[in-house]
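The first residue of the sequence shown is numbered 1, and numbering continues consecutively from there.
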Amino acid sequence: MELLDSTKQVLSTLFTNPSSLMYSGTDFLLKPVFLRGFSGSLHLVLLLVLFVSWVCKKLKEGVSHSEGSKERFKNRRVLWNKLTLFCCLGVSVFNLVLCLLSYFYWYRNCWSDQNLVTLLDLVLRTLGWGTICVYLQTQYFNSGEQKFPFLVRVWWGFYLFISCYCLVIDIVLYKKHETLPIQYLVSDIVSIITGLFFCYVGFSGKIEGGDTLLREPLLNGVGNGEGESIKSKGADSVTPFTNAGPFSLLTFSWMGSLIAFGNKKTLDLEDVPQLDSGDSVVGTFSILRNKLEANGGVGSGLTTLKLTTVILFSVWKEFLLTAFLTLIYTLATYVGPYLIDTFVQYLNGKREFDNEGYVLVSIFFVAKLVECLSQRHMFFRSQQVGIRIRAALVAMVYNKGLTLSCKAKQGLSSGEIINFMTVDAERVGDFSWYMHDSWMVILQVVLAMLILYKNLGLASIATLLVAIIVMLVNFPLGRLQKKFQDKLMKSKDNRMKSTSEILRNMRILKLQGWEMKFLSKIIELRESEAGWLKKFVYTLVITHSVSSAAPTFVSVATFGACMLLGIPLESGKILSALATFRILQQPIYNLPDTISMIIQTKVSLDRIASFLRLDDLQPDVVERQPRGSSDTAVEVVDGNFSWDNASSDPTLKDINLKVSHGMRVAVCGTVGSGKSSLLSCVLGEVPKISGTLKLCGTKAYVAQSPWIQSGKIEDNILFGKEMDRERYDRVLEACSLKKDLEIFSFGDQTVIGERGINLSGGQKQRIQIARALYQDADIYLFDDRFSAVDAHTGSHLFKEVLLGMLRTKTVIYVTHQVEFLPAADLILEALSTLDSIESGPGSEKICISEENGESSTKVVVEKEENKVSENGKSDEVTEHKGQLVQEEEREKGRVGFSVYWKYITTAYGGALVPFILLAQIIFQILQIGSNYWMAWATPVSKDTKPPVGGSTLILVYVALAIGSSFCNLIRTTLLVTAGYKAATLLFNKMHLCIFRAPMSFFDATPSGRILNRASTDQSAVDLSIPFQVGAFAFSMIQLIGIIVVMSQVAWPVILVFIPVITMCLWYQQYYIPSARELSRLVGVCKAPVIQHFAETISGSTTIRSFDQEARFQDTNMKLVDGYSRPKFHVAAAMEWLCFRLDMLSTITFTFSLIFLISIPEGVIDPAIAGLAVTYGLNLNMLQAVVIWTLCNLENQIISVERMLQYTSIPSEPPLVIEENRPDRYWPSHGEVVIRDLQVRYAPHMPLVLQGLTCTFAGGMKTGIVGRTGSGKTTLIQTLFRIVEPAAGQITIDGINISAIGLHDLRSRLSIIPQDPTMFDGTLRSNLDPLEEYTDEKIWEALDKCQLGDEVRKKEGKLDSKVTENGENWSMGQRQLVCLGCVLLKKSKVLVLDEATASVDTATDNLIQQTLRQHFTDCTVITIAHRITSVLDSDMVLLLSQGLIEEYDSPTKLLEDKSSSFSQLVAEYSARSNSSFE
């Protein structure tokens, strides 16, 4: 104040004496011209110094940079650095704007020397501060220095001093009533504020260090230090959103740290923070479940309405918040159209009050700001709601899948159940985008009517009528869409169901040579789906065309009504109406989408509700008693149980059973007699009709078909229990797993593939036995598990498990092996009539068996176990990558242009693309032309004469409107046609590559990954990506159109557009690395959810039997959150970007308005200026849409990228080689000659077969035996060319099998596989998938394999239903169906891959007898399981470690007591004669 007072005194003295002013040497210092000249000179000096500094820096390049530079960034320093950079940029932009405004102001009034100097000063200021920005960004931020450069800090000090001096002079001159331009004062105030900030950051020592992770500026850049901080916390830290402050929440700055880190390195899941508890599935699911239970919507009482109501009430706070934001956004959007007429009148010279122009600009700016903020937060919060709902529904569907009754489960395939999770829950979540659209449409129409009524009076009624007609037209189209959507979903369900089943059984299909037939089945299902897809998308074309044309025809009707009613058309009112129509276009345009989404969501909610209504397992089947409360472990009194409650014939009838603690109970019986059903009954899986079933203690179950989880072997054995190393080792020893684990490079840490794909059958069985043993339960249930291993292992297991670790436990075991019966305290025989179970002491029942002559012939030699991994395949990737099953590969970095190019040129070689673009360009020209015409051809006010007549005005407008609508129709039709064609071609190409892939691909790839591409990615390619590509191209053309219109009216806008668009593109480049990787993580994290769900469905019985439901539900929730985390942050990142783009476009729009009110009156046509404003109102939206669609397209195109990955899978050798086709009767003799055969599973791996040479004579029966890992299965796989030989060859009847096509080879050989498989369909389609045989031949084959009578009893006969995996047929029946296939095929070479491993003695006898009878002249190669299979053979081949140890007739080998074969038989005999006591 003292300085100001003294200055005042000096100045007053000087000004009171004019002569002193004239002659004083200091008076010039007080002149504004001096101040501006001095300021400009200083900025010029700054530019020169910075240039010299840069040159010196370049000359010194080569000096090593500080190693610690990359560690310099600390959160707080980053904050100040970026703020400083933005402040410098702000000063430069501010001076540019001031320069332009001053130029136009003085251009309108007059020029002077002072004005020219001031203008030069502003230009130099703009350049100077722009240069400082570049200097800081390129030199300082990369230098590793701790303080800002000395030169810059000195400059900031000078700048503050000059700014203060100028402001003091301005105040003094103002007080003396000197004329002073207002921009001087504004400039000096801004300069002082910014100068103070620069001096603070430049000279204060308080900005080093600190840790403010959450406080970020708009850019939110971070360095590696922070990146490491995020990574170290990553998955452990909660998202910054939870604790973000108001400003950070408002500007989405809390996302900045993750986006900046994504610029430093490729984001991985551990870099993405955890969700807030409110967004986590744990919180949302419990709320939804509790509300559902409170509303009585559980089980059969659940309706779609109840489910919808409960979902809404579970997110009511967020629902109301988004509703409020929607309301604010809608009101803000109509401020512009409301004020345009006033603005045009202002430009025309009609002023209501002083500074009206600045007030109007301020209102426009505030409205745009409110619109931007409300829209961004509305979108983000809506997506947040969607993520919560989707997660809660996924958890509900998962939990339901765990408790579903077997009857209910039979009506659904696993693919259908998975679709509830992947498609329906996803769609309900996506509906959050549309949840307020229904009432928002009404509000928008009401507001539009009010504005139109104000401007056009009664003509607005025409607008309302036409808008209603357009909306009504959408309803029949909506109904059509619903119908097509339903059909599309059903056909997709069918396709996914078949795809899932085929992927599970791909090995069987390849062995049988059926894969191309099943591919054609998938293509056929896809064609059905594509038919509905075509109808759906072309209905969308009609709907979108109607909606796009609606605003034009609404305006035609409105202006026509004005002409008829004699309402004068003025350009201001016309422009206001056009702006209103453009906003009204959004609800009309979105209405079909909204209707479609409501319909799709309704369909999905119906499907989910119907699934949740399905019957659960009866909770009261088993009466649970605490451990030790009773002497009886299992008791059934008068029990009647039936899989189908509606059936009059129970599955198990009049069951009375009492098993005391510590008893061993054996269950035996023929195929289909109900042995497995009895165990299921004890587990509580079979619905109870009457009687009581009591269970005392905990239970463990070993299923007939092994269920193994993907994951580590150790995790499979522990199965949720804590590690007890001593017990764990005992279990491994008892289950003979120690040797197996030694074979694996990673031991028990080896990751098992999906469904245990890299384990042999025996290993799977022993792992699930180990799992049961480790649980230390009271009651153990074994479903025929000891017969599935070789003689030595089987007897070891029986002794160590049943008679060892479980000697004090209650054990109920199903067996087909009579030698296991004497050890039982009680034997139950399940009769084939299924009406009772006979029981008696072990000794009594074994005598009966022996009298029937069954035990003397049924003996076991070996269960082949050496599947791929035991022969070394588990090592295949050990040296190369590690585990067999890897984490899913994802592309990293930018999506290559080649992906876009391949997609665009997939359909018709891209021929339609130029026509689509041309149609859009013409459409845009006609749209702008029609609006330009209306603005030009109507008078600005009533007093002005219109340039053209009313009829000409409307006719030209109608012609332009029809032309633009026609172009729009052509554009959309061509786009949809190209998209549909591309989707079809990509589908066919990907599926062909998958089906032609070698088995090694399926061994290493979980089916969830393939299914994800076939469902989610294919859906994106079908329905999203064509429209995303179109939206980007169309919005880009629209944006160029707006820029052209605005620039033509106000050319200096170009000066602002250039830096703004540059910044937009820079932001987009800054944002996209993080967003891209987050989107890829969304795709990658979805597969584990699907895979875990699929595994849970297939193993639900085992999970329930171990009472592990809660643990699996927790795992599912973790996986769902793992998927939601990147999804949540993708949404936040998008809004982070859009908010900043909106701000930039709002600044551009505001600048153009300031320019328009600053230019002299009469320089520009007010109507055309108003047109520019009309378009400018859409500028921020369109500018954001361009960048948003570009980013979204890159996120979506990842689906194409993922599908293209699977179109480049290495293929198997050709199916047919035309020049090397064998004749139709080959092989006629069946002689198989093996010469020096060497096989390895990968080039870098050891040989599994090490030079085998032998001959299987035609028509002879050869048994192949050997211990685990000897190479038996590898030999068979090589015979079918599942694995190609590394050296040597196999010839059949003189033809080298490697020289002919795979189909020619596999279709001429027959195999009965180890695991009998049936496919969903009919019995006929399973016996004759290639449709080559007549019904007579099929019946003949069924009679030969003793299934004819059983099938004739069924209602459908040959068309009897087969459910997924053949689960409605017993294991033995499935094996007999496989035998029927072989009998139909009548090949000269038959391979039995342990074909009788899982059937009872009688069925084995039947199979052996059938083979002897009908394959007398065939070459039969048997991997031995029962000793009779080998003893009946003509020759026995004994393998050991990939070499032939013995090859001779069984008689000769048995005569030599020292032979390995004799020792194997002796092992069996010892087991057979032992009572195991």
Side-chain angles (χ1 to χ4, degrees), residues 281-282 285 289 390-425 496-497 500-501 503-504 608 611-612 614-617 680 683-685 700-703 705-712 715-721 751-757 764 767-768 771-772 775 885 1006-1012 1015 1085-1123 1364-1365 1367:
V281 66
V282 180
F285 170 66
R289 183 187 56 201
R390 186 198 60 78
L393 286 176
V394 166
M396 283 190 79
V397 170
Y398 180 88
N399 290 0
K400 183 70 180 182
L402 262 179
T403 61
L404 211 56
S405 71
C406 294
K407 176 74 167 50
K409 205 169 167 184
Q410 267 197 349
L412 293 165
S413 69
S414 58
E416 285 174 306
I417 298 173
I418 288 166
N419 263 358
F420 293 130
M421 176 185 276
T422 57
V423 178
D424 295 305
M496 290 309 299
K497 174 180 169 184
S500 175
E501 187 177 43
L503 291 175
R504 276 199 305 275
I608 292 171
F611 175 66
L612 296 175
L614 292 174
D615 293 335
D616 284 339
L617 287 168
S680 297
L683 291 170
E685 297 287 317
Y701 171 62
V702 182
S705 299
W707 178 74
I708 302 292
Q709 267 190 288
S710 53
K712 294 176 187 172
D715 295 337
N716 267 277
I717 296 171
L718 297 181
F719 208 56
K721 285 220 165 207
V751 174
I752 302 171
E754 193 176 22
R755 302 184 311 281
I757 200 85
K764 286 188 239 181
I767 285 172
Q768 67 165 2
R771 176 172 63 207
Q775 296 302 304
V885 180
S1007 64
R1009 294 182 193 169
I1010 304 173
L1011 291 172
N1012 206 3
S1015 61
C1085 293
K1086 191 171 186 179
V1089 179
I1090 299 171
Q1091 187 185 335
H1092 183 251
F1093 190 30
E1095 281 184 349
T1096 302
I1097 292 166
S1098 61
S1100 55
T1101 304
T1102 302
I1103 294 165
R1104 287 192 294 264
S1105 68
F1106 285 92
D1107 298 320
Q1108 292 277 342
E1109 296 98 320
R1111 183 170 69 87
F1112 274 77
Q1113 287 165 0
D1114 286 345
T1115 304
N1116 175 61
M1117 286 184 173
K1118 283 176 187 166
L1119 290 171
V1120 169
D1121 271 351
Y1123 172 53
E1364 193 176 13
N1365 297 326
E1367 285 177 0

On a heavy-atom basis, which atom in Ala425 and which in Ile608 lie closest, and how many Å separate them? N-CD1, 3.9 Å
So, taking the atom named CH2 in Trp707 and the one named OG1 in Thr1101, what distance separates them when rounded to the nearest 0.5 Å? 10.0 Å
Ala703 to Thr1102 - nearest heavy-atom pair and separation: CB-OG1, 4.4 Å
Rounded to the nearest 0.5 Å, the CG atom of Leu404 sits from the CD1 atom of Ile417 at a distance of 6.0 Å
Stepwise, does the side-chain contact (heavy atoms from CB on, under 4.5 Å) test hold for Leu617 with Glu685? CA-CA 7 Å; Leu617 287 168; Glu685 297 287 317; 3.9 Å; yes
Set of ring-ring contact (aromatic ring centres under 6.0 Å, His included) partners for Phe719, sequence neighbours left out: Phe1106, Phe1112
Looking at side-chain heavy atoms only, is the closest gap between Asp715 and Gln709 below 4.5 Å? no
Hits for side chain to side chain donor-acceptor pair (under 3.5 Å) against Asn399, two or more places apart or cross-chain, chain-then-number order -> none
For Leu402 and Ile1103, the nearest pair of non-hydrogen atoms, with its separation, is CD2-CG2, 3.9 Å
State which residues pass side chain to side chain donor-acceptor pair (under 3.5 Å) with Gln1108; sequence neighbours excluded, sorted by chain then number. Arg1111
So NZ of Lys1086 and CD of Gln1091: to nearest 0.5 Å the spacing works out to 14.5 Å
So NZ of Lys1118 and NE2 of His1092: to nearest 0.5 Å the spacing works out to 10.5 Å
To the nearest 0.5 Å, what is the distance between CD1 (Ile1010) and CG (Leu503)? 5.0 Å
Under 3.5 Å, is there a donor-acceptor pair between the side chain of Ser1098 and the main chain of Glu1095? yes
Looking only at heavy atoms, which two atoms of Gly401 and Ser1100 are closest? And how far apart? O-CB, 4.4 Å
Just to verify, what does Asp1114 make a salt bridge (charged side-chain N to carboxylate O under 4.0 Å, His left out) with, not counting sequence neighbours? none
Test side chain to side chain donor-acceptor pair (under 3.5 Å) applied to Asp424 - qualifying residues, sequence neighbours left out: Ser604, Arg607
To the nearest 0.5 Å, atom CD of Gln768 lies from atom CD1 of Ile708 at 5.5 Å
May I have the step-by-step check of side-chain contact (heavy atoms from CB on, under 4.5 Å) for Val1120 and Arg390, ending in yes or no? CA-CA 9 Å; Val1120 169; Arg390 186 198 60 78; 4.2 Å; yes
For Val281 and Ala391 the tightest heavy-atom approach is CG2-O, 3.3 Å
Could you walk me through whether Val394 and Phe285 pass the side-chain contact (heavy atoms from CB on, under 4.5 Å) check? CA-CA 9 Å; Val394 166; Phe285 170 66; over 6 Å; no
Step by step, work out the side-chain contact (heavy atoms from CB on, under 4.5 Å) result for Arg289 and Met396. CA-CA 8 Å; Arg289 183 187 56 201; Met396 283 190 79; 5.9 Å; no
On a heavy-atom basis, which atom in Val1089 and which in Cys1085 lie closest, and how many Å separate them? CG2-O, 3.6 Å
Donor-acceptor under 3.5 Å (Ser1015 side chain, Leu1011 main chain): yes
Can you name the side chain to side chain donor-acceptor pair (under 3.5 Å) partners of Tyr398, sequence neighbours left out? Thr1096
